[in-house]
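Below is one structure; the comments refer to it alone.
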Amino acid sequence: MRLFALLLGLLFSLTGVSATVAQPVQSQPTGVVAFGPQRTERIEAELVPMSQWVAPGSTTVVAVRQKIAPGWHTYWRNPGDSGGATSLIWTLPAGVTADPILWPLPSRQRLMSLMNYGYSGAVLLPVPIHVPPTARPGEVLTLTTDVLFLVCSDQMCVPEPMTLSLALPVREGAAPLAKPWGEEIERLVETAPRPAGIEARVTRQGGQLILTATGGPLIGAHIGQVYFYPFDGGRIDHAAAQSGQRGPNGLTLTLTAGKDATLTALSGVLATDKGAWEITAEPGAPLAAAQGGAALKPLDETTAAPAKTGALVFLQALGLALLGGLVLNLMPCVFPVLAMKAASLSAAAHDPARARRDGLAFTAGVLVSFLVLAGVLLALRAAGQAIGWGFQLQSPGVVASLALVMLLVGLNLSGVFHVGAGLQNAGSGPLSRLPGSAGAFFTGVLAVVVAAPCTAPFMAAALGAALVLSWPMALAVFFMLGLGLALPYLAISLSPGLLSRLPRPGVWMERLKGLLAFPMYGAALWLLWVFTRQSGVDALGLLLTAALLLALAAWLTGLAQAARQRDERPILTTICAVVVGVLALGLAGVAAGAARDADAAPQGDIGPLAAQPWSAAAVKAATASGRPVLVNLTADWCVTCKINERAALSSPRVAKAMREANAAYLVGDWTRRDDAITRELQAHGRSGVPLYLLYRPGRAEPKILPQLLTEGVVVDALKD
């Protein structure tokens, strides 16, 4: 049997069969195009679509459908001890590109002393297809792929080459799922194993490899069964038994080393009875909290069916969204709104009824805003747009509007004018208070708007899942994210005991409000800087003039409010305030319209690291020359990104480590919309920045660094 495997390998080397997807040939097929199923005695295959049509600039999914005869099987990306993976060579219209196969979990096929990974019966192999914006509605895109199946039984293997084609019409708008395979393809895409923030290490002990994995969905998962499918053959003994042990925050697997078990990163799929995820185990000491619990059983393949993982992905996304919303309260971009929340809590500290009302109104503002934002994002996704978290801040008009809103909030806190100008006596004179339910609702809306530049820990996986789940599930994920953001404020507002501990209103509160205005001014200045990076200095001049006029309008409004309190009728002042305000808003619109693409995005280096623009081709070129590559996907409006760049990526120690490793540094700027970066984020299970990737020569998958960087994290990653 080993001789059979050797001869089979020789056959593949002669025929050029590869386990990877070949680069598409960007030309329209010129020969006879055969549509529909192709059949042999052993297999029937065809290309089938997920959607009834495609929109310009969208991403769709087609699948290679296999119907394999009883007693025969095909292979996974790593066939195991013998066999060969299904390979695709695409011939596509100009501008259309194909991603690698999204491989479903295989079955384990034991043959005497060999263990293979493959498929039998009916199977779909999904492939994402990217349609260029230049595609014209009304035309038909013909997709053709040359497929080489290796179809095997217990006695023999037969290469089965086929040419499969599919015609996809181009139309505007979101396409419904195609019958009869659309729903099944969508489910496979949603449940395909993908990275999920799991940290893993591999250690060699004699003839064994000790694989430890912690974090992400493994925390509190109560896993009972597990199996590891490596991406590369020879790294482990596929036929050997795998034993495991559960820990508080992860698990430990003991694998038998294979013939090519060099102690380098070990990548593959960690399949469990609770879900399956892609992991990369870096060489290193076993991780803590990965053992000490119950023994794990080998995975029963019937419990690992993808149909069960959809619900699991949804439940995990809900939990991660709630945690992400809670942590979002601690992120820098939300600090300005904390000022308004603190002032509102202080004002209502000894009025429980008002505190409850404001807490519920604030929560309603947060939840409604998150659902509206989710609705817009999902509508754009359905229309075929490549978007992600924070997409609204890629618009100079939105950034300009937010800057002016922050300025108005700051002026209100400074007492220049009053929103909801009710007054109350507090010992030493009149104190303007924050508005009631309407103001609390507005504060919740503002909290969501300014939270967009941040992606907190736990949010990445939740948002990544939300962008591939069905729309009711995605809305539920966004609802939980909003609930997490509002929960601390809501809990305090509904707790009379906590409220009673806050000091009573007085002169100190007026001073506190004046002090808390400055974070709002700081947020306005930061947004002006972002606007400059997006639109250029000429547009900035217009926006600064608009801000000056808006401040004048606010001052005139304050004068009019004071006059009305003296029972005067400030008609002229009110008219002037309205006219100046309208002029300010008009000038702000002109500034947003003056945005120039030539001035967009950071063009220079970031700190001492010499940065080059990111592209998939640049990554391939650098790794092909033997250099590691550090990729920074960032945006000027992403506060977390800027903190990481100042605190970690600008460190001389990191610069030295980069030079010693001869590493390339590539920056992908998402300040303005970039569909290529959006697709790269989605490929790694993310919906927003920051994302840090470290590529190594000879390794197909990058290492994903944490969202909150330190110089030690970057240096250690470069040394591993």
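When reading the values below, keep in mind they use all heavy atoms of this one structure, side chains included, and skip hydrogens, waters and symmetry mates.
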- [ ] Mark yes or no for whether R696, through its side chain, and L718, through its backbone, hold a donor-acceptor pair below 3.5 Å.
- [x] yes
- [ ] Apply ring pair (Phe, Tyr, Trp, His ring centres under 6.0 Å) to Y227 and list each qualifying residue two or more places apart in sequence or on a separate chain.
- [x] Y229
TODO: Show your working on side-chain contact (heavy atoms from CB on, under 4.5 Å) between N249 and I219 and close with a plain yes or no.
DONE: CA-CA 4 Å; N249 294 324; I219 299 175; 3.8 Å; yes
TODO: Indicate the ring-plane relationship of F370 and F478, choosing parallel, tilted or perpendicular according to the 30° and 60° boundaries.
DONE: tilted
Task: OG on S243 to CG on L255, rounded to 0.5 Å - done: 8.0 Å
Task: Heavy-atom donor-acceptor pair, R235 side chain to T264 backbone, under 3.5 Å - done: yes
- [ ] For residues V127 and D99, report the shortest heavy-atom separation together with the two atoms involved.
- [x] CG1-O, 3.2 Å
- [ ] With the side chain counted from C-beta on, respond yes when I198 and L218 share a heavy-atom pair under 4.5 Å apart, and no when they do not.
- [x] yes
Open item on the list: For L209, is there any backbone N or O sitting under 3.5 Å from a side-chain donor or acceptor partner on R204?
Closed with: no
TODO: Tell me, please, which residues at least two apart from Y695 pass ring pair (Phe, Tyr, Trp, His ring centres under 6.0 Å).
DONE: none
Open item on the list: Quick check: closest heavy atoms across A85 and W103, and the distance to 0.1 Å?
Closed with: CB-CH2, 4.3 Å
Open item on the list: Using the salt bridge (charged side-chain N to carboxylate O under 4.0 Å, His left out) criterion, which residues pair with E199? Sequence neighbours excluded.
Closed with: R201
Task: For P706 against V713, the heavy-atom pair lying closest together - done: CD-CG1, 3.6 Å
Task: Side chains of L666 and L630 in contact at under 4.5 Å (non-hydrogen atoms) - done: no
Task: For the student: nearest non-hydrogen atoms of T212 and L287, plus distance - done: OG1-N, 3.1 Å
Open item on the list: If the condition is side chain to side chain donor-acceptor pair (under 3.5 Å), which residues does T623 pass it with, not counting sequence neighbours?
Closed with: none
Task: Nearest atoms (heavy-atom pairs only) where A196 meets P217 - done: O-CD, 3.3 Å
Task: S267-T280 side chain donor-acceptor pair, cut-off 3.5 Å - done: yes
Task: All salt bridge (charged side-chain N to carboxylate O under 4.0 Å, His left out) counterparts of R653, not counting sequence neighbours - done: E711
Open item on the list: Does L540 form a side-chain contact (heavy atoms from CB on, under 4.5 Å) with L528? I'd like the steps, not just the answer.
Closed with: CA-CA 7 Å; L540 173 65; L528 287 173; 4.3 Å; yes
Open item on the list: Any non-hydrogen side-chain atom of I704 less than 4.5 Å from a side-chain atom of P195?
Closed with: yes
TODO: Drop me the distance from L693's CG to L633's CG, to the nearest 0.5 angstrom.
DONE: 6.0 Å
- [ ] For N644 and L709, indicate whether the former's side chain and the latter's backbone hold a donor-acceptor pair under 3.5 Å.
- [x] yes
Task: Note, W614 side chain near V631 side chain (heavy atom, < 4.5 Å) - done: yes
Open item on the list: To the closest 0.5 Å, what do you measure between CZ (R194) and CH2 (W277)?
Closed with: 13.0 Å
Task: Closest non-hydrogen atom pair between I223 and L296, with its separation - done: O-CD2, 3.2 Å
Open item on the list: To the closest 0.5 Å, what do you measure between OG1 (T710) and CG (L649)?
Closed with: 10.5 Å
- [ ] Taking T203 for its side chain and G284 for its backbone only, find out whether a donor-acceptor pair lies under 3.5 Å.
- [x] yes
Task: Non-hydrogen side-chain atoms of L322 and L481 separated by less than 4.5 Å - done: no
Task: Evaluation steps, side-chain contact (heavy atoms from CB on, under 4.5 Å), between Y665 and M658 - done: CA-CA 8 Å; Y665 181 48; M658 292 284 289; 3.7 Å; yes
Task: Test item: L253 and L270 side chains (from C-beta on) under 4.5 Å apart, heavy atoms - done: yes
Open item on the list: If only side-chain N and O atoms count, and only distance matters, is there a donor-acceptor pair under 3.5 Å linking T97 with H130?
Closed with: no
Task: Short side-chain donor-acceptor distance under 3.5 Å, T634 and E645 - done: yes
Task: Flag, side chain of T256 to backbone of D237, donor-acceptor distance under 3.5 Å - done: no
Task: Rounded distance (nearest 0.5 Å) linking atom CD1 of I101 with atom CG of L88 - done: 4.0 Å
Open item on the list: To the nearest 0.5 Å, what is the distance between CG on L694 and CG on N632?
Closed with: 12.5 Å
Open item on the list: Tell me every residue that passes salt bridge (charged side-chain N to carboxylate O under 4.0 Å, His left out) with E282, counting only those two or more places apart in sequence or in another chain.
Closed with: R699
- [ ] Determine, stepwise, if the pair Y117 / H238 fulfils side-chain contact (heavy atoms from CB on, under 4.5 Å).
- [x] CA-CA 9 Å; Y117 303 137; H238 302 101; 3.5 Å; yes
Task: Donor-acceptor contact present, side-chain Q242 to main-chain F228, <3.5 Å - done: yes
